[in-house]
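Have a look at the structure below, then the notes.
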Amino acid sequence: MTTFEALAEVQDELDAIVIDVLGSVLDEEAAPAYTELPEGQVAWARLAIHDAADDSFTVAEVRVGIALARVLAGRMMYVADPGDDDVLDAVAELGNICAGNVKSLVCHDARLSLPTAGIGSGLESLSGAAVRVRAVVLGHLVELAVTPGASIEGLDWPPTAVDEELERQR
Amino acid sequence: MKILVVDDSKAMRMIVVRTLRQAGFNGHDVVEAENGKEGLEKTRELKPDLVLSDWNMPEMTGIEFLKALRGSGDSTPFCFVTSEGSEEMRAMASAAGALGLIAKPFTDDAFRDTLGSVVGS
């Protein structure tokens with residue numbers, strides 16, 4: 001089974017991850033959604049999962065409309081008017097939590113990158129076939145796209161001593 | 001009681017502090033650090049009674065931080081608060097001397113259940 005097929009089989013669990021994470025960080029009810037993210041400015045966070053079993057990379061990316069991203073940052077950081085740095089920090093952490101849960105769901109011997117985040121519009125989708133799930137919270141959409149084999153360019157990784165520990169335990 | 005919260009995300013440090021209060025652990029001094037290296041320095045300098053640390057961080061990961069602490073004979077209670085809650089990571093955390101691993105997203109109950117034995121209300 002390919003990573004994509006494995007991800008497609010756990011799509012309900014991916015839905016649950018997004019809903020649980022949004023519910024937790026925003027303290028609001030979130031629900032699955034099946035419509036496309038509207039065009040316009042978005043805040044995004046991207047992380048990679050390196051699966052040591054087959055030396056493959058899977059990229060998890062979260063996209064949030066900028067209005068919701070500012071609400072998210074405000075709620076997480078207790079500020080009425082969050083700046084771009086606050087928005088990037090909050091969305092990076094949202095991506096980190098989602099990607100960490102995706103890693104625990106589909107890989108058992110894997111390593112997670114550090115999050116990279118940005119704000120922009122007209123952002124192209126990552127190359128490759130992605131499994132996408134969306135949720136609606138406070139009337140806004142959030143998308144999690146998980147793309148096996150996507151480029152990991154620009155992503156940073158934590159120090160590697162932990163990998164050596166995993167190697168010894170194998 | 002002094003609690004050191006270590007996470008590279010300012011937003012998550014604030015959520016951890018808020019959840020401590022919501023779990024009923026009020027009135028404690030909270031200090032913060034942005035990665036394991038800074039956490040190690042602050043643990044040695046400030047002697048906290050509890051460390052709550054993320055795992056995946058730049059400069060020094062949480063597991064390296066914990067091993068450095070235990071390697072120097074420091075037995076400060078240490079709990080991970082991390083987005084990765086697999087059995088493998090829980091086992092690695094326990095083997096290194098952590099009292100637990102709270103997986104994100106978390107609830108007040110998870111904090112009470114895991115930290116209740118070391119943190120007073």
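Letters A, B, ... are given to chains in the order of the sequence lines, protein chains preceding strands, and every chain is numbered from 1. For the numbers below, each heavy atom of this structure counts, side chains included, while hydrogens, waters and symmetry mates do not. It should be emphasised that the depicted structure is a prediction, and the values quoted were computed from it without experimental measurement.
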Subject >> Part of B:R18 lying under 4.5 Å from any heavy atom of chain A >> reply: both
Original post:
Is any side-chain N of the basic residue among A:E93 and B:K10 closer than 4.0 Å to the acidic one's carboxylate O?
Top reply: no
Original post:
Between OG of B:S9 and CG of A:L88, what distance do you get to the nearest 0.5 Å?
Top reply: 11.0 Å
Subject >> Over 12 foreign heavy atoms within 6.0 Å of CD, A:E13 >> reply: yes
Original post:
When rounded to the nearest 0.5 angstrom, what is the spacing between OG in A:S104 and CD in B:E87?
Top reply: 9.5 Å
Subject >> Test item: A:N101 and B:P105 side chains (from C-beta on) under 4.5 Å apart, heavy atoms >> reply: yes
**OP:** Please state whether the side chain, the backbone, both or neither of B:E59 comes within less than 4.5 Å of a heavy atom of chain A.
**Re:** backbone
**OP:** Report yes if some heavy atom in the side chain of B:E64 is under 4.5 Å from a heavy atom in the side chain of A:P159; otherwise report no.
**Re:** yes
**OP:** Calculate, to the nearest 0.5 Å, the distance between atoms CD1 and CD1 belonging to A:I97 and B:I15 respectively.
**Re:** 6.5 Å
Original post:
Between A:F57 and A:L114, is there a shared hydrophobic cluster once you connect ILVMFWY residues whose side-chain heavy atoms come closer than 4.5 Å?
Top reply: no
Original post:
Based on non-hydrogen pairs under 4.5 Å, which of B:P58, B:G85, B:G62 is most in contact with chain A?
Top reply: B:P58
Subject >> A:M76 side chain near B:R13 side chain, heavy-atom distance below 4.5 Å >> reply: no
Subject >> Worked verdict on B:E84 versus A:L112 for side-chain contact (heavy atoms from CB on, under 4.5 Å) >> reply: CA-CA 9 Å; B:E84 302 166 68; A:L112 187 63; 3.6 Å; yes
Original post:
Mind checking whether A:V21 and B:S83 have side chains closer than 4.5 Å, heavy atoms only?
Top reply: no
**OP:** Following the transitive rule for hydrophobic clusters with a side-chain heavy-atom cut-off under 4.5 Å over Ile, Leu, Val, Met, Phe, Trp and Tyr, establish whether A:I19 and A:L7 coincide in one cluster.
**Re:** no
Subject >> From CH2 (A:W157) to OG1 (B:T61), nearest 0.5 Å >> reply: 14.0 Å
Original post:
Where does B:N35 contact chain A at under 4.5 Å (heavy atoms): side chain, backbone, both or neither?
Top reply: neither
Subject >> Shared hydrophobic cluster, B:F65 / B:V31 (ILVMFWY, side-chain heavy atoms < 4.5 Å) >> reply: yes
Original post:
Between atom CG of A:N96 and atom CG of B:D8, what is the distance when rounded to the nearest 0.5 Å?
Top reply: 7.0 Å
Original post:
For A:D54, does the CG atom sit with more than 12 other heavy atoms under 6.0 Å from it, leaving out its own atoms?
Top reply: yes
Original post:
Given that the side chain runs from C-beta out, which part of A:V102 has a heavy atom under 4.5 Å from chain B: side chain, backbone, both or neither?
Top reply: neither
**OP:** Under 4.5 Å heavy-atom distance to chain B, tell me which part of A:D156 shows up: side chain, backbone, both or neither.
**Re:** neither
